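Source: prediction; values computed, not measured. Just so you know, these numbers use all the heavy atoms, side chains as well, and skip hydrogens, waters and symmetry mates.
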Amino acid sequence: MATSEGMKQRHVEKPTSTDADATPPTNKDRKIAKAKRGLRTLAVALAIPVALSAASACISGTTAPSQPDSKSSWQLPILAFHLGNIATAALTSLAAWLFWAKGGFHRRPTDLIFYLVQLLLLLMWGPAVFRLRNARLGVAVAVAMSVCLFGCARCFRRVNPSAGDIVVPCLAWALFLAMFSYKVM
C-alpha cells in the first residue's frame, strides 16, 4: 500500500473575480497573435540561411583567384560577391517562407529539396572559388544552383506567384556566378 506522504500536491488556483469576468479573445486579438507567430517564423526562416551564408563568406576568404589575363575590367570586389550571396540567401528564404505560409511545403514536400539543395550550393560556391581556388568546381556549383533556382521559381510560382518572382533575381545572380567562375578558369 503506497502512502502519499512524500508526494507533492499540485496547487490549483481558483479563479478570481477578474478571471471569471475576463472575456474570450476577440477576433482582433487572434489576428495579432497570428501576425506575431508569422513574424517569428519569418525571422527564423531568414536568420538561419543568412547566418550560414555569412559564415560561408568568412570561410571563403577575401582574396580573388588569379586570372590568366587582366583584361576583364568587370570583375567585382570580393565583398560584392559575399554580399550578393547573402542577399540571395535572404531572398530565396523569403520566397520559401511565402511558399510555406501558403501551405506549399505541406502540399508539395518534394519542392523543399530544390530550396535546400540551392542553399547548400550557394554556401559551397564561395569557398570553392575563393578558398580552394577551383574555378571549374565553381562553374559546376553555379550551374547546378541555377538549375535548382529555376526549379524553385517554377514550383513556388504554382502556389504563390510572388514567391516565384522573388527567386528570379537570385537565378540571375547564380548565372552571373557561373560566368565569373568560367572567366576565371
Can you name the nearest heavy-atom pair linking [X] to [Y], along with the distance?
{"X": "Ala135", "Y": "Val184", "result": "CB-CG1, 4.1 Å"}
{"X": "Ala178", "Y": "Val139", "result": "O-CG2, 3.9 Å"}
{"X": "Cys170", "Y": "Leu149", "result": "O-CD1, 3.4 Å"}
{"X": "Gly61", "Y": "His82", "result": "O-NE2, 3.0 Å"}
{"X": "Trp173", "Y": "Phe81", "result": "CZ2-O, 3.7 Å"}

Can you name the residues that form a side-chain contact (heavy atoms from CB on, under 4.5 Å) with [X], not counting sequence neighbours?
{"X": "Thr41", "value": "Trp97, Trp100"}
{"X": "Arg136", "value": "Asn134, Met185"}
{"X": "Leu98", "value": "Leu94, Asn160, Ala163, Ile166"}

Partner set under side-chain hydrogen bond (donor to acceptor under 3.5 Å, both in side chains) for Ser53, not counting sequence neighbours: none
Counterpart residues, side-chain hydrogen bond (donor to acceptor under 3.5 Å, both in side chains), relative to Thr88 (two or more places apart): none
Hey, could you give me each pair passing salt bridge (Lys or Arg N to Asp or Glu O under 4.0 Å) that has a residue in [range]? Not counting sequence neighbours.
{"range": "residues 48-58", "answer": "none"}
{"range": "residues 113-126", "answer": "none"}
{"range": "residues 34-55", "answer": "none"}
{"range": "residues 149-161", "answer": "Arg157-Asp165"}

Is there a side-chain contact between [X] and [Y] (heavy atoms, below 4.5 Å)?
{"X": "Asn85", "Y": "Leu177", "answer": "yes"}
{"X": "Cys152", "Y": "Phe99", "answer": "no"}
{"X": "Pro127", "Y": "Leu132", "answer": "no"}

Could you see if [X] belongs to whatever hydrophobic cluster contains [Y]? Use Ile, Leu, Val, Met, Phe, Trp, Tyr and a side-chain cutoff under 4.5 Å.
{"X": "Val168", "Y": "Val143", "answer": "no"}
{"X": "Leu171", "Y": "Met179", "answer": "yes"}
{"X": "Val147", "Y": "Leu123", "answer": "no"}
{"X": "Leu120", "Y": "Phe156", "answer": "yes"}

Connected hydrophobic set around Leu83, excluding itself, where side chains approach under 4.5 Å: Leu79
Side-chain hydrophobic cluster, 4.5 Å single linkage: members besides Val50: Ile86
Exceeds 12 heavy-atom contacts within 6.0 angstrom, atom CZ of Phe105: yes
Expected output: side-chain Ser56 to main-chain Leu52 donor-acceptor under 3.5 Å: no
Return a table of donor-acceptor pairs under 3.5 angstrom between the side chains of residues 112-119 and protein atoms on other chains or two or more places apart.
| from | atom 1 | to | atom 2 | distance (Å) |
| --- | --- | --- | --- | --- |
| Tyr115 | OH | Ser93 | OG | 3.0 |
| Gln118 | NE2 | Thr92 | OG1 | 3.3 |
| Gln118 | NE2 | Tyr115 | O | 3.3 |

